[in-house]
Amino acid sequence: MNFVGKLMSPEFYRQQTAKFVASAAAYYRPMFRAGSITPLWHFMAITSLVMYTASYVGYKGPKVAARRLQAKTALSEYKEKHGISDH
């Protein structure tokens, strides 16, 4: 089966999920049993990354893009009005 065919198959995702769960369990189970703080730090870091990405994509990204466009337009109007040109 070709690569695109694999990506379209739900079975591919089931297999990948099962591999990930088994790998994560094998990695974290001894840490949980030993009372390590490492899983907590990993969970906190992943949560922060997901939250930041979601807020930037959903809210901040369009606002920043609009602000940059407004500043660019204002600067070009200022330069046109005062006879300033880009070198």
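Everything numeric here is computed off the predicted structure, so don't read it as measured data.
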Quiz item: Is the number of heavy atoms from other residues, nucleotides or ligands within 6.0 Å of CE (M31) greater than 12?
Solution: yes
Quiz item: With a cut-off of 6.0 Å (strictly less than), are more than 12 heavy atoms of other residues, nucleotides or ligands near CZ of F43?
Solution: no
Quiz item: If you measure from OH on Y52 to NZ on K60, what distance do you get to the nearest 0.5 Å?
Solution: 6.5 Å
Quiz item: From E80 CD over to L75 CG, what is the distance, rounded to the nearest 0.5 angstrom?
Solution: 11.5 Å
Quiz prompt | Where at least one partner belongs to residues 11-38, residue pairs that pass salt bridge (Lys or Arg N to Asp or Glu O under 4.0 Å), sequence neighbours excluded | solution = E11-R14
Quiz prompt | 4.5 Å side-chain heavy-atom contact, V50 and T53 | solution = no
Practice problem: Take F20 and Q15 through the test side-chain contact (heavy atoms from CB on, under 4.5 Å) and record every step on the way to the result. | Solution: CA-CA 9 Å; F20 175 76; Q15 289 173 353; over 6 Å; no
Quiz item: Hey, what's the ring geometry for Y28 with F32, parallel, tilted or perpendicular (30° and 60° as the breaks)?
Solution: tilted
Self-check item: With Y78 via ring pair (Phe, Tyr, Trp, His ring centres under 6.0 Å) - residues at least two apart
Solution: H82
Practice problem: Considering non-hydrogen atoms only, spot the tightest contact between A25 and P30 and give its length. | Solution: O-CD, 4.2 Å
Quiz item: With hydrophobic residues grouped by side-chain heavy-atom distances under 4.5 Å, do M44 and I37 end up in a single group?
Solution: yes
Quiz prompt | Sidechain-backbone polar pair: S9 side chain, K6 backbone, donor-acceptor under 3.5 Å | solution = no
Practice problem: Check whether any side-chain N or O of Y13 sits under 3.5 Å from a backbone N or O of L7 as a donor-acceptor pair, and report yes or no. | Solution: yes
